[in-house]
Amino acid sequence: FLLSTLFHRWRRHDEELAHTRGREQHLSDELEATTARHLEERMAAVERISGALAHELNNLLAVSLPLSHGLVADLEGEHQQDAQDILDSSERARRLGQRLRLLTRSQASGVETHALNALLATERPRLQRAIGDEHPLEAALASAPCPVRIDAGDLLLLLEHLLTNA
């Protein structure tokens, strides 16, 4: 009888221990899944913020870079050096924006469908300022609508770089 009682107690203890281990494993798996989900949510927030910052920085640089290029070309002496310092700072900011975009899963955070002709017509004054009034901007726009999926700031920055370096 004593041996039978000890055997049943040992067996019950063994079952409880197995149940406890299973429960511990379940809690461990649940904790791991929750931690992974929280990490994913934090990374998604960092990606959204990085993309938004890069986009806004790009919009600011779309104005400051071409104007800085123009100032460096137009000024002389100490003022030209000041303009060069502004240009150098703008270039550093551009590189920072590129690094911010690397933090995003998709570097196309501001990608939308734009009517290319309308976008170019709206931004024509800014593009003209980039090259100066002494070089009239001529553009042959398409006769049919031309929808493109692009970040408008990226396209304008690219066009301004092409115009100022042409």
Side-chain angles (χ1 to χ4, degrees), residues 27-166:
L27 290 173
S28 176
D29 292 346
E30 194 174 299
L31 178 62
E32 189 175 313
T34 300
T35 302
R37 188 176 64 249
H38 287 171
L39 180 61
E40 181 69 27
E41 289 170 357
R42 286 185 193 123
M43 288 304 297
V46 167
E47 291 169 359
R48 284 191 307 274
I49 291 168
S50 297
L53 285 173
H55 182 75
E56 288 303 316
L57 189 58
N58 213 20
N59 288 342
L60 294 171
L61 291 170
V63 174
S64 67
L65 277 171
L67 290 175
S68 298
H69 279 286
L71 286 173
V72 169
D74 293 346
L75 298 174
E76 295 179 8
E78 183 180 324
H79 296 294
Q80 185 181 39
Q81 184 56 49
D82 292 341
Q84 184 63 49
D85 291 343
I86 294 169
L87 178 60
D88 292 344
S89 295
S90 296
E91 287 293 339
R92 283 194 309 276
R94 183 187 57 76
R95 288 190 298 276
L96 174 63
Q98 289 172 339
R99 287 195 302 265
L100 281 170
R101 288 183 148 236
L102 291 176
L103 293 176
T104 63
R105 282 188 188 152
S106 166
Q107 291 193 14
S109 63
V111 171
E112 297 175 349
T113 301
H114 297 277
L116 188 57
N117 287 351
L119 182 63
L120 292 174
T122 302
E123 297 300 328
R124 186 182 183 102
R126 185 187 334 177
L127 295 171
Q128 183 63 58
R129 280 194 310 270
I131 60 173
D133 292 331
E134 64 274 7
H135 304 290
L137 178 61
E138 296 180 23
L141 302 177
S143 58
C146 186
V148 292
R149 286 195 45 78
I150 194 164
D151 181 316
D154 288 346
L155 176 63
L156 294 171
L157 192 58
L158 171 70
L159 289 173
E160 287 171 356
H161 280 293
L162 288 172
L163 290 170
T164 57
N165 294 313

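All values below were derived from every heavy atom in this structure, side-chain atoms included, with hydrogens, water molecules and symmetry-related copies excluded.
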Asker: Answer yes or no: is there an ion pair linking Arg37 with Glu40, defined by an N-O contact shorter than 4.0 Å?
Answerer: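 Salt bridge absent between Arg37 and Glu40.
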
Asker: Taking atom CD of Gln81 and atom CD1 of Ile86, what is their separation to the nearest 0.5 Å?
Answerer: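 Between Gln81 CD and Ile86 CD1, I get 10.5 Å after rounding to 0.5 Å.
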
Asker: Rounded to the nearest 0.5 Å, what separates atom CG in Leu65 from atom CG in Leu60?
Answerer: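 Leu65 atom CG to Leu60 atom CG measures 10.5 Å (nearest 0.5 Å).
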
Asker: Hey, does the side chain of Gln128 reach the backbone of Glu123 with a donor-acceptor pair shorter than 3.5 angstrom?
Answerer: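 Pair absent, no side-chain N/O of Gln128 close to backbone of Glu123.
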
Asker: Using 0.5 Å steps for rounding, measure from the CD atom of Gln84 to the NE2 atom of His69.
Answerer: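 Between atom CD of Gln84 and atom NE2 of His69 there are 8.5 Å.
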
Asker: Say you draw a straight line from OG of Ser68 to CG of Asp85; how long is it, rounded to the nearest 0.5 Å?
Answerer: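 Between atom OG of Ser68 and atom CG of Asp85 there are 10.5 Å.
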
Asker: When you compare the side chain of Leu137 with that of Leu163, does any pair of heavy atoms fall below 4.5 Å?
Answerer: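 Side chain of Leu163 against side chain of Leu137, heavy atoms only: contact under 4.5 Å found.
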
Asker: After noting the C-alpha distance and the side-chain angles of Leu67 and Val63, does the key distance pass the side-chain contact (heavy atoms from CB on, under 4.5 Å) rule?
Answerer: CA-CA 6 Å; Leu67 290 175; Val63 174; 3.6 Å; yes

Asker: Kindly check if the number of other-residue, nucleotide or ligand heavy atoms within 6.0 Å of CD (Glu134) is above 12?
Answerer: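 Yes.
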
Asker: Taking all atoms of both residues into account, what is the closest heavy-atom pair of Leu71 and Ala83, and its distance?
Answerer: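 Scanning both residues completely, I find the closest heavy atoms to be CB-CB, 3.7 Å.
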
Asker: Testing the basics here: between Gly97 and Ala54, what is the closest heavy-atom pair and its distance to 0.1 Å?
Answerer: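 Taking Gly97 first and Ala54 second, the nearest heavy atoms are O-CB, 3.7 Å.
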
Asker: Please answer whether the main-chain N or O of Ala142 pairs with a side-chain N or O of Asn117 as donor and acceptor at a distance below 3.5 Å.
Answerer: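 Side chain of Asn117 to backbone of Ala142, a donor-acceptor pair under 3.5 Å: yes, one is there.
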
Asker: Is there side-chain contact between Arg42 and Val46, with heavy atoms separated by less than 4.5 Å?
Answerer: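 No, their side chains stay 4.5 Å or more apart.
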
Asker: Quick one: pull up CG in Leu155 and CG in Leu116 and give me the separation to the nearest 0.5 Å.
Answerer: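 Leu155 atom CG to Leu116 atom CG measures 6.5 Å (nearest 0.5 Å).
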
Asker: Side chains of Leu96 and Arg92, heavy atoms from C-beta outward: is any pair under 4.5 Å?
Answerer: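 A side-chain contact is absent here, since even the closest heavy-atom pair is not under 4.5 Å.
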
Asker: Specify the closest pair of heavy atoms between Pro66 and Ala62, including all atoms of both residues, with the distance to one decimal.
Answerer: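 Here Pro66 and Ala62 meet closest at CG-O, 3.2 Å.
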
Asker: Can you confirm whether Glu41 is buried at CD, in the sense that more than 12 heavy atoms of other residues, nucleotides or ligands lie under 6.0 Å from that atom?
Answerer: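 Counting other residues, nucleotides and ligands, CD of Glu41 exceeds 12 neighbours.
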
Asker: Give, for atom CG of Asp82 and atom CG of Leu75, the distance between the pair rounded to the nearest 0.5 Å.
Answerer: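 Here the interatomic distance stands at 8.5 Å.
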
Asker: Just so I know, are the side chains of Leu119 and Val148 near enough to count as touching, which here means a heavy-atom distance under 4.5 Å?
Answerer: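 Leu119 does not reach Val148 side chain to side chain.
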
